[in-house]
Amino acid sequence: MGKPPIAIEIADLVKSFGATPALDGVTAQIHGARLTGLVGPDGAGKTTLMRLMAGLMQPTKGRITVAGCDTTKDRDALACRVGYMPQRFGLYEDLSVLENLRLYAGLQGLAGAERKARFERLLEFTRLGPFTNRLAGALSGGMKQKLGLACALMAMPQVLLLDEPSVGVDPVSRQDLWSMVHTLTHDGIAVVWATSYLDEAERCAEVLLLNGGKLEYRGTPDRFTERLRGRSFLLRSPVAERRLVLARALALPTVCDGVIQGESVRVVLRRDAVRNEIDALAGETGAQVQPVAARFEDAFVDLLGGGPSGPSELAERMPVVVATSDVAVQCSNLTRKFGPFVATDNVSFDVRPGEIFGLLGPNGAGKSTTFKMLCGLLKPTSGEARVVGHDLRSAASEAKLKLGYMAQKFSLYGLLSVRQNLEFSSGVYGLAGSMRRARVAEMIDTFQLQRYLSSSPESLPLGFKQRLALACALMHRPAVLFLDEPTSGVDPITRREFWNHINGLVRKGVTVLVTTHFMDEAEYCDRVALMYQARVIALDTPDALKKMVQKPGCDEPTMEQAFIDLIERVDADAGVRVARAA
C-alpha cells in the first residue's frame, strides 16, 4: 500500500518576530489518516508552526496548504477543515461542559438536529456524557483535555492539531487520549500531536523534529533511533548508590546522556566513543554493563548535544543539611474536606531526611492538596502534619522557613519582573542586606536568568519560568523542598537539568517531595506513594511497586504500567464489593 494523501504541505516556511526567526526554511509534508509527532526543545518553534497551520498567523515567507486550503488565502474554508487545540485550551471554566459545547457549536454554525447528533457523538466518544452539567473549572486535568478535544472536533475536521494535549495529564487519562486519537486516524483524519513526552513520539507514524526553528529530522521514529545503534547501555544493579553512579557517569567525557532506570543507570555514549570508561565505572561501583536498544529519547538528547555533563552548580553551593531526627516530614491521618467533597482521606506517611519521596496519582487524587497542607498553605480538616519537627498547626511560621515550595501553577508574580520576583522571595524568607544580594546574584547566575531580569515571568519560555520558580523556592536554602509537577511541559533537556540539581541537593542532605506525571521520573525516587480517590493505595520503592504487578514469564513492567495496573486493581476490587452488596 502507498502512503495516504498529503494533508499538509509546508514549503520554505519562514516566520520571524522582529529580527528573530522562529521558523527558518521549514519544508515538510504531513499525510492524512496518520498520527504525526511534532517534537523539539523549548523555543524550537513547535507552537508557532501549529498556529501557522491553523491559520492564526501568516508566514513571513513560504507557504502552507492544509486540507487543500492555503492558510493565507483560504482562511474561511480552512476554519471548517481544521480543528486546533492549543496548549492552554480556551475553555470557559465558569461554563458547564454542555455550555462550552454549545458555544463552540455556535461558532461553527451548527444548529437543530445536526447539533444534537454532533453532541451525542462527541459526548459518547469522550465519555463526558455523565458530566454535562459540571463546570469546566471543576473537571480534572484529563477531563478538561477530553472536553477540549470535543470542542476541537466540533467541525468534524480533516486535520486535527493538538499542541501538548497530554501536559499535566496522568497516565490513565493519557491512555484514553491516545485511544481516541487512534480512532480518529483510523477514520481518515490527519492528527499532528506536539509533545514533550518522547515515549509518545515513538508511537507516532512519523515525526517532525524542530530545533532552533529548523527542521532537523522528518521520518519514522525507528529510522531516527537507528543512528544510536550500539551506543545505549545499562549499568545494572550497582552496589553503589544509583544517584552517585549517575553523577559519575555524566562526568565522563565519553557519555552524552544518563538517567536512572529502575535498579540501573542508563547511559548513552557519544558518537565514535568506546566503552572503556563505563566498563571501568561499572567495575568500581559493582555494576554490570548490558547493551540495550536505543530509545527515541536517547537519539533526541544526542542530537541536541547531550544532557548535563557535570555536577549541579546549584547543589555545589548548598551547605550540607544536618539531620536532627529520623523523620523530616510526617503526616498522620491527614484529611481535607471542601464541603461534602473529601480531597484527602486519612493520608499517612513519613519521609526520611535526604530522601526523594514521590507522590503519584491520577488528576484529582489529592496530591496537590496534600502538598498544600504539608506546606502550611491549607489547614487540614483533621490529622497532623510536621516538617523538620515543627507542627504545622502550632508552629507554621517556623516550619515555612525550613521548606521551599514550587507550586504546580507557578507561584510567581506577573506584575513583578524576574529580578523583583527573586528579591521578593528572598525578603519573604527573611534574607536581608549583603546575604540577600548574594543569594539573588547566585540564582541569576546558576539559572542563567541575566537576559530576562527586566521581563515579566509571563513572557518567559516555559523552561525559564520553571527555573525562576525553582530559584525562588531555593533562595533560603531550605532543608525540605516540595516540588509539585516541576517539569510539566518542559523538554527532556530541561528535565535532565532539573533532576541533576535535585539529585545534587539530595546528596547534600536536602529532603525532596515531588509529584510528577512523567513516570520515568518516579524512578529517581527512593520511595513512591500512589494516591487514588483521596487515599494512599500503595507505598514502596519504584522497583517494589513494579514487582507487585509483574506477571510470571513477562518482562519487568514500566512504572507507567505499574501505575495503571494498581489503579485498575482498586477499581476492580470496588466493583466486586458493589456486586457483593447487591
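Since the structure is predicted, the reported quantities are computational estimates derived from the model, not experimental observations. Computed over heavy atoms, backbone and side chain alike; hydrogens, waters and symmetry mates excluded. By convention here, the first residue in the shown sequence is residue 1.
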**Q** Quick one: pull up CG in L49 and CD1 in I10 and give me the separation to the nearest 0.5 Å.
**A** 4.5 Å
**Q** Check the side chains of T494 and Q466 for a donor-acceptor pair under 3.5 angstrom, ignoring hydrogens and angles.
**A** no
**Q** Indicate yes or no: at least one non-hydrogen side-chain atom of F233 is less than 4.5 angstrom from one of V255.
**A** no
**Q** What class does the angle between the rings of Y452 and F464 fall in, given that below 30° is parallel, 30 to 60° is tilted and above 60° is perpendicular?
**A** tilted
**Q** Name the one of D257, T225, D298 that satisfies side-chain hydrogen bond (donor to acceptor under 3.5 Å, both in side chains) with S232?
**A** D298
**Q** Apply the test side-chain contact (heavy atoms from CB on, under 4.5 Å) to residues I493 and V301: give CA-CA distance (whole Å), side-chain angles for both, the deciding distance (0.1 Å), then the verdict.
**A** CA-CA 7 Å; I493 301 294; V301 174; 3.8 Å; yes
**Q** What is the distance from atom CD of E164 to atom NZ of K46, rounded to the nearest 0.5 Å?
**A** 6.0 Å
**Q** We want to know whether E200 and S166 form a side-chain donor-acceptor pair, criterion being a heavy-atom distance below 3.5 angstrom.
**A** yes
**Q** Which residue pairs satisfy the side chain to side chain donor-acceptor pair (under 3.5 Å) criterion with at least one member in residues 124-134, sequence neighbours excluded?
**A** R127-D176
**Q** Surrounding NZ of K116 (heavy atoms of other residues, nucleotides or ligands, distance under 6.0 Å), is the total greater than 12?
**A** no
**Q** Given L160, which partner from the list L149, T185, V82, V192 fulfils the side chain to side chain contact (heavy atoms under 4.5 Å, CB included) test?
**A** L149
**Q** Would D520 and R295 satisfy salt bridge (charged side-chain N to carboxylate O under 4.0 Å, His left out), going step by step from the backbone distance to the final call?
**A** CA-CA 13 Å; D520 57 340; R295 303 180 302 188; 5.9 Å; no
**Q** Calculate, to the nearest 0.5 Å, the distance between atoms NZ and CG belonging to K465 and L470 respectively.
**A** 16.0 Å
**Q** Do S196 and D491 get their side chains close enough for a donor-acceptor pair, meaning under 3.5 Å?
**A** no
**Q** Yes or no on side-chain contact (heavy atoms from CB on, under 4.5 Å) for D571 and Q533, after CA distance, side-chain angles and deciding distance?
**A** CA-CA 10 Å; D571 286 340; Q533 296 178 344; 4.1 Å; yes
**Q** Between D199 and R203, does a salt bridge (charged side-chain N to carboxylate O under 4.0 Å, His left out) hold up when you go through it step by step?
**A** CA-CA 7 Å; D199 62 321; R203 298 160 67 179; 5.1 Å; no
**Q** Determine whether V265 and V267 satisfy the following criterion, side-chain contact (heavy atoms from CB on, under 4.5 Å), listing intermediate values before the conclusion.
**A** CA-CA 6 Å; V265 173; V267 296; 4.1 Å; yes
**Q** Work out which heavy atom in G32 is nearest to a heavy atom in P4; give both atom names and the distance.
**A** O-CB, 3.0 Å
**Q** May I ask you to decide if V570's main-chain N or O and D573's side chain share a donor-acceptor pair within less than 3.5 Å?
**A** no
**Q** Would E99 and R102 satisfy salt bridge (charged side-chain N to carboxylate O under 4.0 Å, His left out), going step by step from the backbone distance to the final call?
**A** CA-CA 5 Å; E99 288 167 339; R102 286 172 180 162; 5.3 Å; no
**Q** Between N503 and W499 (side chain of the first, backbone of the second, donor and acceptor by atom type, cut-off under 3.5 Å), is there such a pair?
**A** yes
**Q** Please name the residue in the list T515, N363, D484 that meets the side-chain hydrogen bond (donor to acceptor under 3.5 Å, both in side chains) test with S368.
**A** D484
**Q** Report yes if the side chains of L246 and Y524 come closer than 4.5 Å at any heavy-atom pair, otherwise no.
**A** yes
**Q** Taking the side chain as every heavy atom from C-beta outward, state whether R266 and E297 have any pair of such atoms under 4.5 Å apart.
**A** no
**Q** If you count the non-hydrogen atoms of other residues, nucleotides and ligands that lie under 6.0 Å from CZ in R227, is the total more than 12?
**A** yes
**Q** Less than 4.5 Å apart, any side-chain heavy atom of C151 and any of L101?
**A** yes
**Q** As a quick check of understanding, evaluate side-chain contact (heavy atoms from CB on, under 4.5 Å) for E560 and Q175, giving each step before the final call.
**A** CA-CA 10 Å; E560 181 156 327; Q175 185 173 252; 5.8 Å; no
**Q** Counting distance only, does the side-chain N/O of S459 pair as donor-acceptor with the main-chain N or O of S456 below 3.5 Å?
**A** yes
**Q** Hey, does the side chain of E93 reach the backbone of A136 with a donor-acceptor pair shorter than 3.5 angstrom?
**A** no
**Q** Aromatic rings F224 and F296: how do their planes relate, parallel, tilted or perpendicular, breaks at 30° and 60°?
**A** tilted
**Q** Determine whether L153 and L184 make a side-chain contact, defined as any pair of heavy atoms from C-beta on separated by less than 4.5 Å.
**A** yes
**Q** Minimum heavy-atom separation for M559 and P542, please, with both atom names.
**A** SD-O, 3.8 Å
**Q** Can you find a pair of side-chain heavy atoms, one from Y217 and one from F300, that are under 4.5 Å apart?
**A** no
**Q** Does D94 CG have over 12 foreign heavy atoms under 6.0 Å away?
**A** no
**Q** Are E263 and K546 within salt-bridge range, i.e. N to O under 4.0 Å?
**A** no
**Q** Measuring from atom NZ of K367 to atom OG1 of T516, what distance do you get when rounded to the nearest 0.5 angstrom?
**A** 9.5 Å
**Q** Are side-chain heavy atoms of F518 and E485 found at a separation under 4.5 Å?
**A** no
**Q** For the side chain of D74 and the backbone of A77, is there at least one donor-acceptor N/O pair under 3.5 Å apart?
**A** no
**Q** For the atom pair CG (L360) and CD1 (I537), what is the distance rounded to the nearest 0.5 Å?
**A** 10.5 Å
**Q** How close do V167 and G489 get, heavy atom to heavy atom, and via which atoms?
**A** CG2-CA, 3.8 Å
**Q** Calculate, to the nearest 0.5 Å, the distance between atoms NE2 and CD1 belonging to H31 and I6 respectively.
**A** 5.0 Å
**Q** Backbone N or O of D565 within a donor-acceptor pair of the Q561 side chain at under 3.5 Å?
**A** no
**Q** Could you list the donor-acceptor pairs under 3.5 angstrom formed between side-chain atoms of residues 51-68 and any protein atom two or more places apart in sequence or on another chain?
**A**
residue	atom	partner	partner atom	Å
T60	OG1	S16	N	2.9
R63	NH1	T65	OG1	2.9

**Q** Testing the basics here: between V549 and A562, what is the closest heavy-atom pair and its distance to 0.1 Å?
**A** CG2-CA, 3.7 Å
**Q** Keeping the roles fixed (side chain from T27, backbone from D12), state whether a donor-acceptor pair exists under 3.5 Å.
**A** yes
**Q** With side-chain hydrogen bond (donor to acceptor under 3.5 Å, both in side chains) as the test, pick out the partner of D302 among R270, R231, R271.
**A** R231
**Q** Are H501 and F447 close enough that their ring centers fall under 6.0 Å?
**A** yes
**Q** Between the side chain of T487 and the main-chain N/O of V490, is any donor-acceptor distance below 3.5 Å?
**A** no
**Q** Using only atom types and a distance under 3.5 Å, with no angle test, would you say the side chain of Q145 pairs donor to acceptor with the backbone of P165?
**A** yes
**Q** Which atoms form the tightest heavy-atom contact between M50 and L162, and what is the distance?
**A** CE-O, 3.1 Å
**Q** Give me the atom names and distance for the closest heavy-atom approach of V207 to P221.
**A** CG2-CG, 3.8 Å
**Q** Check whether any side-chain heavy atom of R174 sits under 4.5 Å from a side-chain heavy atom of M519, and report yes or no.
**A** no
